[in-house]
Amino acid sequence: NDWSFEEKSESKSHALHVSWTGDNIALRSITSYRDLDWDDTLDIDGTPIDIFHSSRDVDYESYSQEFQLTGSLERLEYVLGAYYFDEEGDVFNPITFFGAFGTPTANNEYGLDNDSVAVYGQADWRPAMFDDRLTLSLGVRWTEEEKDQYIDHPGDYAAKADETFDNTSPTVAVSWAFTDDINGYARYAKGWKSGGFNGEASSEERFLESYDDEEVDAYEIGLKSLLWDGRLQLNLAAFYNEIEDFQLSVFEGAAAASLVTNIPEYETQGAEVEAVMLVTEDLRLNLAYGYLDADYEEFPEDFTLFSKDEAGVPYSPENTLTVGADWTVARTDWGTWDFHVDVNYTDD
C-alpha cells in the first residue's frame, strides 16, 4: 500500500407502521426513511506505486410512504394501494491515473434526484358455482418515475439529464383446487423496470444516451400439494419469460466502471421442483431442483464492448440442485440434539 485507506459506512433507518382494522377491512400506513454515508479509498493497482487510486464520498437519503387497503366480501378478497418514493444522492469520486508521474487527480462528481409514484390493486374472486374450487385473480399497477441526474468531470465535460418513465402492468391468474390438499394454477404477469442514466459514463454522449425501460411478459403454470397425510409437500412449476430491452451491466474499460446497456430481446424458460418429506417424527428430507434455459434472442448490432458469443448470460446456471436432511438424534430433559446436512450444486 502506498496510501492510508479506509472503508467506512454509516446508515440510519427508521420505519413507522400504523394499522387500523374494522369488520372485514383494514387500512395500513408504512413510512420509511434511510440516510447513508459511505467513504472509501482504494489502491486499485495493488502496488507500492501511485498508479491507479480511487475514492468515493457518498451522501444518500431516501423516503417512502405506502398506504394499503385490504378487505374481503363473501367471495372476494381485495387490496388497493398507493406508493411514493423519493431518493437523493451525491457522490464525490476523485480518481488518479499515474499519480506517481505527476498526473493530477480528476475530482469527478455525480448524483441523482429521483422520485416514483404508483397505485395498484388486486382482487381474488371465488365464483359460487364451482364450490370455492376456482379462484380468479386480476391485478394492475401504474407507476411513474422521474429521474434527474448530473455528472461533472472537471476539464472534460459536465452534463445534466432528466427523463420520466411510466408503465401500466397487469397480472391475471387462475387456480383450481383439485382437493383440499392439491392446487393447480396458471399465471401471467407483466413486469417493468424503469430506464435511467449511467452516472460513471466516460463521455457526455454516453451519459445523455439513457438506457431504456425493461419489460417482461412472464408466464407460469404449477402445482402445489400436500400428500401422504400431509407429510409430503410437493410443488412443481414451469415458466417462460420474454424480456424486452434487458438491462445488462457491462464493464467499460475507458471509464473503468460498470455501465448499463439494453439487450433488445432476452428469453428465459425452465422448471422447478420442490419437495419436503417428513419420513418420521424425527427425520425430514428436502429436495429442490431448478432447470433454466436463458439466451439472448436479439443482440444490439452496434454494440462495441463485446460480441453476443462473448457476453454470457449472468446469474443463469442451467441446473441447480439442493438436497438435505434434518434428523433429531435425541430428545432429553436438558435439550435436543439435531443433525443437519445438505449438498448444493450450481452449474456454471
Side-chain angles (χ1 to χ4, degrees), residues 13-19 26-36 58-71 78-91 110-124 137-151 159-173 187-201 204-219 241-249 258-266:
S13 304
H14 309 278
L16 176 64
H17 294 243
V18 180
S19 60
L27 179 63
R28 187 181 188 191
S29 169
I30 305 170
T31 308
S32 179
Y33 172 79
R34 167 168 287 188
D35 181 273
L36 172 67
V58 181
D59 184 11
Y60 173 87
E61 64 178 5
S62 67
Y63 167 82
S64 67
Q65 174 64 52
E66 183 169 5
F67 294 105
Q68 294 179 353
L69 178 67
T70 58
Y78 62 88
V79 56
L80 301 172
Y83 177 78
Y84 172 77
F85 173 80
D86 177 78
E87 63 175 352
E88 295 183 20
D90 296 285
V91 181
Y110 47 92
L112 56 85
D113 183 358
N114 302 331
D115 63 72
S116 175
V117 61
V119 291
Y120 60 87
Q122 180 168 316
D124 299 333
S137 301
L138 180 64
V140 65
R141 178 187 180 100
W142 172 83
T143 308
E144 182 178 270
E145 297 193 359
E146 183 177 343
K147 296 191 173 182
D148 294 273
Q149 196 156 329
Y150 71 88
I151 187 170
K160 294 182 179 180
D162 65 87
E163 191 164 346
T164 299
F165 305 88
D166 63 83
N167 174 266
T168 300
S169 296
T171 179
V172 59
R187 179 175 181 265
Y188 164 78
K190 180 175 281 291
W192 176 76
K193 186 191 296 183
S194 66
F197 304 92
N198 283 303
E200 296 184 328
E204 181 176 356
E205 292 76 18
R206 189 176 289 277
F207 170 74
L208 294 175
E209 292 175 357
S210 62
Y211 53 89
D212 295 329
D213 307 39
E214 176 184 321
E215 289 189 336
V216 55
D217 290 298
Y219 306 84
N241 298 320
E242 186 177 42
I243 305 169
E244 292 185 5
D245 291 320
F246 175 64
Q247 295 174 4
L248 178 67
S249 179
S258 292
L259 305 177
V260 176
T261 190
N262 292 108
I263 306 299
E265 189 173 339
Y266 171 51

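Fair warning: this is a prediction, and the values are worked out from it, not measured in the lab. The first residue of the sequence shown is numbered 1, and numbering continues consecutively from there.
Note: E88 CD to E61 CD = 5.5 Å, rounded to the nearest 0.5 Å. Distance CD/E145 to CZ/F165: 8.5 Å, rounded to 0.5 Å. Rounding to the nearest 0.5 Å places CZ of F85 at 12.5 Å from CD of E66. Note that the CD atom of E163 and the CG atom of D212 stand 7.5 Å from one another [nearest 0.5 Å].
Between D148 and N114, the shortest heavy-atom distance links the atoms N-OD1, 3.3 Å. Taking all atoms of both residues into account, the shortest heavy-atom contact from N198 to V260 is OD1-N, 2.8 Å. Minimum heavy-atom separation, F67 to Y120: O-OH, 4.1 Å. Across every non-hydrogen atom of I30 and Q68, the tightest pair is CD1-NE2, 4.2 Å.
Using cut-offs of 30° and 60° for the angle between ring planes, the H14 and Y33 rings count as parallel.
Side-chain contact of E200 with Y110: a donor-acceptor pair under 3.5 Å is present, judged by distance alone. Neither side chain, E144 nor T164, offers a donor N or O lying under 3.5 Å from an acceptor on the other.
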Would Y63 and T31 count as a side-chain contact (heavy atoms from CB on, under 4.5 Å) here? Give the steps.
CA-CA 8 Å; Y63 167 82; T31 308; 3.7 Å; yes
